[in-house]
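Because only heavy atoms are used, hydrogens play no part in the values below, and waters and symmetry mates are left out as well, while side chains stay in. Just so it is clear, the structure is predicted and the values come from calculations on it, not from any experiment.
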Amino acid sequence: MSKTHWKKIVSDPNFMGEGDFQEGEEKVLTIQRINQKETVTTAEGKSQKAVVHWKEPGHKPMILNVARSKAIEKVAGSGYMEDWPGVAVQLYIEHGIKAFGEVVSAVRVRPFQPRLQQSAAPPPCADCGGQIAPAMGKDARWLAAYTEKKYGTPLCAACAQKRAEAGERAPAEEDTPPDDVPADGEVL
């Protein structure tokens with residue numbers, strides 16, 4: 001069963017935050033445009049902020065701050081926001097940041113060109129032949145790799161669930177899952 005972190009529910013529904021990431025997940029997204037003075041409502045009230053909008057559908061925009069802007073500048077090779085559309089960046093969550101008198105977690109931008117592969121389409125599901133789609137907050141490529149390791153073949157979430165309920169496992173060379181897979185209590 002997939003778990004839901006409270007931050008996914010109470011986070012700002014309009015802007016990207018920690019709740020939009022699974023533990024350890026990183027996202028590669030391409031800047032479509034930047035609104036330099038977008039009205040946003042935060043805990044401090046309404047204000048004008050610079051906001052990044054993504055080319056890839058289904059991702060919330062991200063409010064720019066100094067740390068994110070400096071990292072994008074390094075990736076883009078330019079400090080001018082007008083040069084940033086079309087630039088791909090790698091996003092992750094950094095924990096242990098001191099802000100507003102608390103220790104918090106925040107979305108950060110890796111200060112280098114993305115190293116994650118983002119274009120290779122996953123293979124079709126070996127059981128039903130259908131397209132493997134994102135599930136449990138993970139992308140389709142992650143799901144294909146995870147089910148390949150666990151069951152010996154790439155599966156969609158529905159077929160993986162059927163195999164899990166049937167108690168099937170692939171003959172394992174090593175029965176330890178990689179760091180980025182669900183814990184044993186989670187079903188897939």
*Asks:* Does the side chain of Asn35 come within less than 4.5 Å of Arg33's, by heavy atoms?
*Replies:*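 Answer yes - side chains close enough.
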*Asks:* Rounded to the nearest 0.5 Å, what separation is found between the CG atom of Leu143 and the SG atom of Cys125?
*Replies:*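 Going from CG on Leu143 over to SG on Cys125, the span is 9.0 Å.
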*Asks:* Quick one: do Val89 and Val28 satisfy side chain to side chain contact (heavy atoms under 4.5 Å, CB included)? Show the steps, please.
*Replies:* CA-CA 6 Å; Val89 295; Val28 174; over 6 Å; no
*Asks:* Between the side chain of Asn65 and the main-chain N/O of Ala67, is any donor-acceptor distance below 3.5 Å?
*Replies:*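 Checking the backbone N and O of Ala67 against the side chain of Asn65, a donor-acceptor pair under 3.5 Å is found.
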*Asks:* Give a yes or no answer on whether the side chain of Gln90 reaches the backbone of Val109 with a donor-acceptor pair at less than 3.5 Å.
*Replies:* no
*Asks:* Can you find a heavy atom in the side chain of Asn14 that is under 4.5 Å from one in the side chain of Lys60?
*Replies:* no
*Asks:* Between Val40 and Val51, does the side chain to side chain contact (heavy atoms under 4.5 Å, CB included) criterion hold? Intermediate values first, please.
*Replies:* CA-CA 9 Å; Val40 301; Val51 177; 4.0 Å; yes
*Asks:* If we only count heavy atoms from C-beta on, is the Arg108 to Ile93 side-chain gap below 4.5 Å?
*Replies:*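 Arg108 vs Ile93: side chains apart.
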*Asks:* For the residue pair Asp83 and Val87, what are the closest heavy atoms and their distance?
*Replies:* O-CG2, 3.9 Å
*Asks:* Please evaluate residues Thr30 and Glu56 with respect to the criterion side-chain hydrogen bond (donor to acceptor under 3.5 Å, both in side chains), reporting the C-alpha separation (whole Å), side-chain torsions for both, the decisive distance (0.1 Å), and the verdict.
*Replies:* CA-CA 7 Å; Thr30 308; Glu56 295 79 6; 2.9 Å; yes
*Asks:* When you measure from the side chain of Glu25 to the backbone of Tyr92, do you find a donor-acceptor pair of N or O atoms at a distance under 3.5 Å?
*Replies:*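 Not a single qualifying donor-acceptor pair exists.
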*Asks:* Is the backbone N or O of Val107 less than 3.5 Å from a side-chain atom of Arg68, with the two atoms forming a donor-acceptor pair by type?
*Replies:*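 Yes; judged by distance alone, with no hydrogens or angles, the pair exists.
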*Asks:* Should Lys55 and Ile31 be marked as a side chain to side chain contact (heavy atoms under 4.5 Å, CB included) after you check the CA-CA gap, both sets of side-chain angles, and the distance that decides it?
*Replies:* CA-CA 6 Å; Lys55 281 187 179 180; Ile31 297 171; over 6 Å; no
*Asks:* If we count only N and O atoms by modelled type, under 3.5 Å, do the side chains of Glu73 and Ser78 hold a donor and an acceptor together?
*Replies:*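 Result is no, nothing qualifies.
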*Asks:* How far does CG of Leu64 sit from NZ of Lys49, to the nearest 0.5 angstrom?
*Replies:* 10.5 Å
*Asks:* May I ask you to test the Tyr146-Pro154 pair for a side-chain heavy-atom distance under 4.5 Å?
*Replies:* no
*Asks:* Just checking Gln32: does its CD atom have more than 12 heavy atoms from other residues, nucleotides or ligands closer to it than 6.0 angstrom?
*Replies:* yes
*Asks:* Report yes or no: do Thr39 and Gln48 form a side-chain donor-acceptor pair below 3.5 Å?
*Replies:*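 Short answer, yes.
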*Asks:* If you look at every heavy atom in Pro124 and Gly129, which pair is closest and at what distance?
*Replies:*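 So the minimum-distance heavy-atom pair works out to CB-O, 3.7 Å.
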*Asks:* When you measure from the side chain of Thr147 to the backbone of Leu155, do you find a donor-acceptor pair of N or O atoms at a distance under 3.5 Å?
*Replies:*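 Here the side-chain-to-backbone pair exists.
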*Asks:* Within 45° of the axis and under 6.0 Å from the centre of the six-membered ring of Phe21, does NZ or CZ of Lys27 qualify?
*Replies:*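 Because its charged atom sits under 6.0 Å from the ring centre and within 45° of the axis, Lys27 does stack over Phe21.
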*Asks:* Taking Glu26 first and then Arg110, would you say they form a salt bridge - that is, a charged N and a carboxylate O separated by under 4.0 Å?
*Replies:*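 The answer is yes: the pair qualifies as a salt bridge.
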*Asks:* What is the minimum heavy-atom distance between Cys156 and Ile132, and which atoms define it?
*Replies:* N-CG1, 3.9 Å
*Asks:* Enter the distance from Ile34:CD1 to Met81:CE here, rounded to the nearest 0.5 Å.
*Replies:*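 With rounding to 0.5 Å, CD1 (Ile34) is 5.5 Å from CE (Met81).
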*Asks:* Determine whether Met62 and Leu91 make a side-chain contact, defined as any pair of heavy atoms from C-beta on separated by less than 4.5 Å.
*Replies:* yes
*Asks:* Looking at every non-hydrogen atom in both residues, tell me the closest pair between Ala140 and Ala133 and how far apart they are.
*Replies:*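 Where Ala140 meets Ala133 most closely, the heavy atoms are CB-C, 3.9 Å.
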*Asks:* Below 4.5 Å, heavy atoms only, C-beta onward: do Phe15 and Glu38 meet side chain to side chain?
*Replies:*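 The answer is yes, as the side chains (C-beta and beyond) meet within the 4.5 Å cut-off.
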*Asks:* Between Tyr151 and Ala164, which heavy-atom pair has the shortest distance, and what is it?
*Replies:*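 Answer, listing the atom of Tyr151 first, then Ala164: OH-CB, 3.4 Å.
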*Asks:* Might you point out which heavy atoms bring Ser69 and Trp84 nearest each other, and give the distance in Å?
*Replies:*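 Heavy-atom minimum between the residues: O-CH2, 3.8 Å.
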*Asks:* How far apart are the C-alpha atoms of His59 and His53, what are their side-chain angles, what is the distance that settles it, and do they pass the side chain to side chain contact (heavy atoms under 4.5 Å, CB included) test?
*Replies:* CA-CA 8 Å; His59 295 282; His53 294 267; over 6 Å; no
*Asks:* Does the distance from a Lys or Arg side-chain N to an Asp or Glu carboxylate O, for Arg163 and Glu165, drop under 4.0 Å?
*Replies:* no
